[in-house]
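Just so it is clear, the values below take in all heavy atoms, side chains as well, and ignore hydrogens, waters and symmetry mates. Positions are given from 1, in the same order as the sequence printed here.
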Amino acid sequence: MKNRTVLSIDLGSAYTKLAIRRDWHDESELLRDLPLATPEVDFCIPSVVTRVETAAATEWLTGAAAASQQAGDGLTIYRSWKARP
């Protein structure tokens, strides 16, 4: 195989992590630790989804935007989704 570099996505119950593996037998490196990674972007993303229902529409938020919401009327927050059968 020509390209031995692999992008890894770990869908964790608390955080989704993005990493790179430079070769099949190398250890994974979180993307935030790479010299070319931009410091403004977080590569450990909260594994949270929030459904926001209003009279006008339903909106879905993911990651940090979803994690920053407080439970309330019209808000359903989905956390620890891997623990559910």
Side-chain angles (χ1 to χ4, degrees):
M1 184 177 248
K2 273 186 174 181
N3 189 353
R4 299 175 64 94
T5 303
V6 177
L7 177 66
S8 301
I9 303 172
D10 176 5
L11 298 172
S13 58
Y15 286 91
T16 296
K17 295 164 281 301
L18 302 177
I20 192 168
R21 187 173 297 200
R22 295 180 188 277
D23 196 45
W24 293 111
H25 303 291
D26 286 350
E27 294 288 320
S28 293
E29 303 171 53
L30 282 177
L31 288 180
R32 70 168 179 238
D33 296 333
L34 297 176
L36 295 177
T38 176
E40 296 86 26
V41 177
D42 189 1
F43 293 98
C44 287
I45 303 157
S47 297
V48 178
V49 174
T50 301
R51 180 179 177 164
V52 182
E53 294 184 62
T54 65
T58 299
E59 180 182 7
W60 291 89
L61 305 174
T62 59
S68 68
Q69 300 299 310
Q70 297 294 320
D73 290 341
L75 274 167
T76 306
I77 301 173
Y78 300 93
R79 300 178 194 271
S80 302
W81 50 269
K82 286 177 74 173
R84 295 189 181 138

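Remark: side-chain polar atoms of Ser47 are paired, donor with acceptor, to backbone N or O of Thr16 under 3.5 angstrom.
The shortest distance between side-chain heavy atoms of Gln70 and Leu75 does not fall below 4.5 Å.
Note that CD of Glu53 is 4.5 Å distant from OG1 of Thr58, once rounded to the nearest 0.5 Å. Residue Lys17 holds its NZ atom at 12.0 Å from CD1 of Ile9, rounded to the nearest 0.5 Å.
Across every non-hydrogen atom of Arg79 and Ala67, the tightest pair is NH2-O, 4.1 Å. When all heavy atoms of Val48 and Ala66 are compared, the closest pair comes out as O-CB, 3.5 Å. For Arg22 against Thr5, the heavy-atom pair with the smallest separation is O-OG1, 3.5 Å.
Partners of Asp73 by side-chain hydrogen bond (donor to acceptor under 3.5 Å, both in side chains), not counting sequence neighbours: none found.
A chain of hydrophobic side-chain contacts below 4.5 Å, direct or via other Ile, Leu, Val, Met, Phe, Trp or Tyr residues, connects Leu18 to Ile20.
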